[in-house]
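I have placed the structure first, in the form of structure tokens, so that the comments after it can refer back to it.
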Amino acid sequence: MAFIGLNPGGAALDSTHGEFSSERGSAYRRDVENWGRSSGLQDQVIELFKRLVVRPDDVLAGNLVPFRSPGESTLRDAGSVIAFGRRLWTEILEEVRPRVVISMGGTANREISNVLKVRDIEMHHVGWGNQTASRGRFSDGTWVGLPHLSRFAIMKREASQSALDRVLRDLT
């Protein structure tokens with residue numbers, strides 16, 4: 001299983017966090033990294049992994065773009081770095097070949113679904129305005145695209161459960 005977001009958040013690297021990888025385990029685990037105010041994203045992703053009955057340390061987790069910024073709008077030279085991320089993840093996913101790939105957020109969802117050549121995409125409203133989750137097939141497995149879990153805390157939200165049941169069915 002692979003889980004892919006857009007890019008590392010924040011304006012500066014915390015010296016207690018790994019710069020390029022987290023050798024102590026999944027950075028989504030609070031006992032490995034504490035993201036402070038951003039820890040709601042950690043909670044949402046850990047809840048996703050629990051729902052899928054997968055250990056966080058067993059998931060290939062990364063970001064489409066390895067360059068840090070507080071948000072997508074402040075990502076320097078966004079077009080070029082997204083193109084770089086697309087090439088990088090094309091190589092990674094061709095080598096690793098996960099059976100399940102989950103991406104998060106509009107740009108990461110679009111780019112990763114294109115890299116995987118996802119087909120038969122189903123869209124499901126998650127009970128939060130016009131936000132949707134997507135599910136489709138690629139040559140080696142299933143892709144799921146979720147809204148960005150830092151902005152849309154849907155993992156335990158009652159109104160989102162039926163959509164999550166549909167997009168996350170039979171993944172493990």
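When a residue number appears, it is its place in the shown sequence, counting from 1. When reading the values below, keep in mind they use all heavy atoms of this one structure, side chains included, and skip hydrogens, waters and symmetry mates.
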Considering residues at least two apart in sequence or located in another chain, which fulfil the side-chain contact (heavy atoms from CB on, under 4.5 Å) criterion with [X]?
X: T172; result: M1, L52
X: A83; result: R86, R87
X: R51; result: M155, Q161, L164, D165, L168
X: V81; result: V65, F67, L75

Next item on the list: Could you list all the salt bridge (charged side-chain N to carboxylate O under 4.0 Å, His left out) pairs where at least one residue sits in residues 112-129, not counting sequence neighbours?
Entry: D120-R137, E122-R169
Next item on the list: Could you list all the salt bridge (charged side-chain N to carboxylate O under 4.0 Å, His left out) pairs where at least one residue sits in residues 92-106, not counting sequence neighbours?
Entry: R97-D140
Next item on the list: Rounded to the nearest 0.5 Å, what's the gap from CG on L6 to CG on N63? Could you check?
Entry: 7.0 Å
Checklist line | Spacing of T107 atom OG1 and R110 atom CZ [to the nearest 0.5 Å] | finding: 4.5 Å
Side-chain donor-acceptor pairs of residues 141-149 under 3.5 Å, sequence neighbours excluded:
unit_1	atom_1	unit_2	atom_2	d
W143	NE1	S103	OG	2.9
H148	ND1	S150	N	3.2
H148	ND1	S150	OG	2.8

Next item on the list: Indicate the atoms forming the closest heavy-atom contact of L64 with A108, along with that distance.
Entry: CD2-CA, 4.3 Å
Item checked: Atom of A163, atom of H124 and distance for their closest heavy-atom approach -> CB-CB, 4.0 Å
Notebook entry, point to check: Pairs in or reaching into residues 41-65: which pass ring pair (Phe, Tyr, Trp, His ring centres under 6.0 Å), with residues at least two apart or in two chains?
Noted result: F3-F49
Check: For the side chain of N109 and the backbone of M104, is there at least one donor-acceptor N/O pair under 3.5 Å apart?
Finding: yes
Notebook entry, point to check: Ignoring hydrogens and geometry, is there a side-chain-to-backbone donor-acceptor pair from T90 to V115 under 3.5 Å?
Noted result: no
Margin query: Which residues pass the salt bridge (Lys or Arg N to Asp or Glu O under 4.0 Å) test with K156, not counting sequence neighbours?
Written below: E47
Notebook entry, point to check: By salt bridge (Lys or Arg N to Asp or Glu O under 4.0 Å), which residues pair with D58, not counting sequence neighbours?
Noted result: R55
Next item on the list: Please examine the side chains of I46 and P56, heavy atoms only from C-beta on, and report whether any two atoms are closer than 4.5 Å.
Entry: yes
Margin query: Applying side chain to side chain donor-acceptor pair (under 3.5 Å), can you list everything that pairs with D43, at least two apart in sequence or on another chain?
Written below: R30
Next item on the list: Write out all pairs satisfying side chain to side chain donor-acceptor pair (under 3.5 Å) with one or both partners inside residues 125-136, taking only residues at least two apart or from two chains.
Entry: none
Notebook entry, point to check: Which is it for I92 and L60 under the side chain to side chain contact (heavy atoms under 4.5 Å, CB included) test, yes or no, and what are the steps along the way?
Noted result: CA-CA 10 Å; I92 292 170; L60 169 63; 4.0 Å; yes
